[in-house]
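To start, the structure itself, in structure tokens.
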Protein chains: 2
Amino acid sequence: MSQFVHPNLNDVPLPIVLHALGDSVRLQIVQNLAREGELSCAKAAPEQIVAKSTRSNHFKVLRAAGIVRTRKAGRIYLSSLRREELDERYPGVLDSVLAAAVDQAAD
Amino acid sequence: MSQFVHPNLNDVPLPIVLHALGDSVRLQIVQNLAREGELSCAKAAPEQIVAKSTRSNHFKVLRAAGIVRTRKAGRIYLSSLRREELDERYPGVLDSVLAAAVDQAAD
DNA sequence: TCTATAGTTCAATATTTCCGAACTATTGAT
DNA sequence: ATCAATAGTTCGGAAATATTGAACTATAGA
């Protein structure tokens, strides 16, 4: 049903962004999107890790934080990072987080 | 009782750091410490905002995330940012967060 | 049209966070 | 020495969040 709401980044306070990034599953999703570009929910966060409904909720959190944009393509939902926008609003934050996350990846 | 535990930053995963920063009260504490240097708990986070016990817990979270170091001085506990260490472990993260937080401050 | 797939929503449970109350330790005054 | 005040911690329960399975929606393909 719902076509998703993607907030204007000016309306997203910094703690919301950091909170969204401050979860290992979501951070992994963000990393995957950074590495691979647009991905389906399933590919961005394999279901072994969390239940399908939890995963869906993680994407909701990421969207609400302005970190991810999701569009529907057939029966799939493709998400991608809002990199430039985010970098304009909060310069360096996403970049440094992604750089820091690189050496943590355990897959 | 407890003399505080301050983890080695190598033992602190990135999501823990981001989670600690992803709360408006804690972020404000961090900003205050960045601006003023070493501060007592009370000065870093005035009690009007949250209960004393909550504030105490926020500091515990910040310590566990390796963001803050606390030492006892008389009946006061002085906390300060672990800036250099944090910057060595996660370059740019704290700096960009502090820079981004500046224009958000509402006091 | 029937079945499978991808994801959402909902309601219940599990986990976290927040708070007040009781406690510890230190200081300063009497 | 004792008493009162201050700064913070710890604890247990209440409030808020997160996670999950089950039921649902929508699309695609046979």
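Computed from heavy atoms alone, side chains included, the values below leave out hydrogens, waters and symmetry copies. Owing to the predicted nature of the structure, the values given are computational and were not obtained by experimental measurement.
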Practice task
Would you kindly give the CZ-to-C1' distance between B:F4 and D:dT9, to the nearest whole Å?
Solution key: 7 Å
Practice task
Compute the ring centroids of B:Y77 and B:F59, then answer whether they are less than 6.0 Å apart.
Solution key: no
With the criterion being N/O to N/O and under 3.5 Å, what pairs connect the protein with nucleotides 14-21 of chain C, and how long is each?
from   : atom 1 : to    : atom 2 : distance (Å)
C:dT17 : OP1    : B:H19 : NE2    : 3.2
C:dC19 : OP2    : B:T54 : OG1    : 2.6
C:dG20 : N7     : B:S53 : OG     : 3.1
C:dG20 : O6     : B:S53 : OG     : 2.9

Exercise for the section: Name the closest nucleotide to the A:C41 side chain, picking from C:dA25, D:dT9, C:dT8. Expected result: C:dT8
Problem - A:Q28 backbone acceptor or donor facing A:N32 side chain under 3.5 Å - result: yes
Practice task
Quick one: do B:L39 and B:L78 satisfy side-chain contact (heavy atoms from CB on, under 4.5 Å)? Show the steps, please.
Solution key: CA-CA 5 Å; B:L39 288 176; B:L78 289 171; 5.7 Å; no
Problem - Whole-Å distance separating the CD1 atom of A:I76 from the P atom of C:dA4 - result: 18 Å
Exercise for the section: Using only side-chain N and O atoms of B:R75, determine if any of them is under 4.0 Å from OP1 or OP2 of D:dT9. Expected result: no
Exercise for the section: Hey, could you give me each pair passing salt bridge (charged side-chain N to carboxylate O under 4.0 Å, His left out) that has a residue in residues 48-60 of chain B? Not counting sequence neighbours. Expected result: none
Handout entry: From CA spacing to verdict: side-chain contact (heavy atoms from CB on, under 4.5 Å), B:H58, B:I49
Key = CA-CA 12 Å; B:H58 282 317; B:I49 301 174; over 6 Å; no
Practice task
Calculate the interatomic distance between B:K43 atom NZ and D:dG8 atom C1'; express it in whole Å.
Solution key: 15 Å
Practice task
Assign A:R71 to base, sugar-phosphate, or nothing according to its heavy-atom contacts below 4.0 angstrom with the strands shown.
Solution key: nothing
Exercise for the section: Round to a whole Å and report the spacing from CG of A:L78 to P of C:dG7. Expected result: 8 Å
Exercise for the section: To the nearest Å, give me how far apart CD (A:E38) and C1' (C:dA6) are. Expected result: 15 Å
With the criterion being N/O to N/O and under 3.5 Å, what pairs connect the protein with nucleotides 13-15 of chain D, and how long is each?
none

Completion exercise
Comparing A:G74 with B:S40, nearest DNA chain D nucleotide closer to 5' gives the residue B:S40
Exercise for the section: Would you indicate which nucleotide in C:dT5, D:dG8, C:dT9 comes nearest to any side-chain atom of A:K60? Expected result: C:dT9
Exercise for the section: Count the heavy atoms of every other residue, nucleotide or ligand shown that sit under 6.0 Å from CD of A:E88, and state whether that count exceeds 12. Expected result: no
Handout entry: A:H6 side, atom NE2; A:T70 side, atom OG1 - distance, nearest 0.5 Å
Key = 4.5 Å
Handout entry: Approximate separation, where rounding is to 0.5 Å, of B:L62 CG and B:N57 CG
Key = 9.5 Å
Problem - Test: B:R69 and B:E85 ion pair at under 4.0 Å - result: yes
Handout entry: Phosphate OP1/OP2 of C:dG7: any A:R63 side-chain N/O under 4.0 Å
Key = no
